[in-house]
Amino acid sequence: MVDRLANSEANTRRISIVENCFGAAGQPLTIPGRVLIGEGVLTKLCRKKPKARQFFLFNDILVYGNIVIQKKKYNKQHIIPLENVTIDSIQDEGDLRNGWLIKTPTKSFAVYAATATEKSEWMNHINKCVSDLLSKSGKTPSNEHAAVWVPDSEAAVCMRCQKAKFTPVNRRHHCRKCGFVVCGPCSEKRFLLPSQSSKPVRICDFCYDLLSAGEMTACQSTRSDSYSQSPKSSLNDVSDDDDDEDSSD
């Protein structure tokens, strides 16, 4: 089916419409063999709160962006190569339901569909696209992925020292290795994580010690279940936006 659609006028027209919706700031999406599989609005769990994002699934990439005008205009385009993607289902809990993790070496995050059927369709289509890509290329699935960041609202105090309370002065930071919300004193060090950046990035002291000792995977967060929890309200919901490569997301 994908091969049949690859060179069809209908597929070319649909991709062109998506390009136009992102405007001049978006990257070109039309290339030979690329097919638009589907699209829809998913709730993305961002560092401050869940936000609606428009997602487009192609046979080789996943694209998403901020909704400016529904079905007409989007901005802040993100393009994720599917051959680097792995997905894991998240158990329903609280207000956020029908979710799964989208994990890549550079960035990982949780998304939620409106219904269980939509979740199943998204996950099945993504897995099929990834499987087809890997089959054609002969590559193996990625076994490394960036940590899913714990939302700011889940941490009133530093998740490492368990003492420092977050205030407008004592701001939140995220460890790029484990994804924990940590205070400044617990995350003063930098370490080179080539899959995420060409420059050393902020990590917590705990991960720094393990990474320095060569235990590269030991400090990876295993709190996947926590991302299915609905964010808790916090009077001190102050984030370190300057420390986030995408502070609006």
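In this text the structure is predicted, and so the values were computed from the model without any measurement.
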Heavy-atom side-chain contact between N98 and W122 under 4.5 Å: no
ILVMFWY network linking F109 to F56, side-chain heavy atoms under 4.5 angstrom: no
Test item: N11 side-chain N/O and L36 main-chain N/O as donor-acceptor pair under 3.5 Å: yes
Expected output: side-chain N170 to main-chain V157 donor-acceptor under 3.5 Å: no
Donor-acceptor contact present, side-chain Q196 to main-chain A146, <3.5 Å: no
Close side-chain approach of L82 and D60, heavy atoms under 4.5 Å: no
Minimum-distance pair of heavy atoms, taken over all atoms of H173 and G184: CD2-N, 3.6 Å
Side-chain heavy atoms of N84 within contact of T106, under 4.5 Å: no
Y74 reachable from I61 in the ILVMFWY side-chain graph, under 4.5 Å edges: yes
Pairing of K128 and D132 as salt bridge, 4.0 angstrom limit: yes
Heavy-atom donor-acceptor pair, S135 side chain to S131 backbone, under 3.5 Å: no
Atom pair SG/CZ of C175 and R160 - distance to nearest 0.5 Å: 6.5 Å
Close side-chain approach of K189 and F191, heavy atoms under 4.5 Å: no
Same apolar cluster: I87 and V63, side chain cutoff 4.5 Å: no
Minimal non-hydrogen separation, G40 against Q54, with atom names: N-NE2, 3.5 Å
Matching residue for L62 among T104, I102, V130, V85 - test: side chain to side chain contact (heavy atoms under 4.5 Å, CB included): I102
CZ-OG distance between R202 and S197, expressed to the nearest 0.5 angstrom: 13.5 Å
Distance, nearest 0.5 Å, that separates CZ of F180 from SG of C186: 12.0 Å
CG on L29 to CD on E19, rounded to 0.5 Å: 5.0 Å
Hydrophobic cluster membership, V41 vs Y112, 4.5 Å side-chain cutoff: no
Plane angle bin for H174 and W149 - parallel if under 30°, tilted between 30 and 60°, otherwise perpendicular: parallel
Euclidean distance, L133 CG relative to N59 CG, rounded to 0.5 Å: 6.5 Å
Matching residue for N66 among Q77, K44, R53 - test: side chain to side chain donor-acceptor pair (under 3.5 Å): R53
Intermediate values then yes/no, side chain to side chain contact (heavy atoms under 4.5 Å, CB included), V148 and L101: CA-CA 8 Å; V148 180; L101 298 178; 4.1 Å; yes
Exam field: side chain T12 to backbone S8, donor-acceptor pair closer than 3.5 Å: yes
ILVMFWY cluster, I15 and F22 together (side-chain gap under 4.5 Å): yes
Spacing of CZ belonging to R14 relative to CZ belonging to F58, to within rounding of 0.5 Å: 8.5 Å
Working for side chain to side chain contact (heavy atoms under 4.5 Å, CB included), residues W100 and V111: CA-CA 6 Å; W100 68 97; V111 292; 3.4 Å; yes
Contact summary for R176 and V201, nearest pair of heavy atoms: CB-CG2, 3.7 Å
Evaluation steps, side-chain hydrogen bond (donor to acceptor under 3.5 Å, both in side chains), between T117 and T115: CA-CA 5 Å; T117 299; T115 67; 4.7 Å; no
Pair E154 + R172: basic N to acidic O under 4.0 Å: no
Flag if over 12 foreign heavy atoms under 6.0 Å of CD, E9: no
K76 side chain vs G65 backbone, donor-acceptor pair below 3.5 Å: no
Residue pair S187 / V182: nearest heavy atoms and the distance that separates them: CB-CG2, 3.6 Å
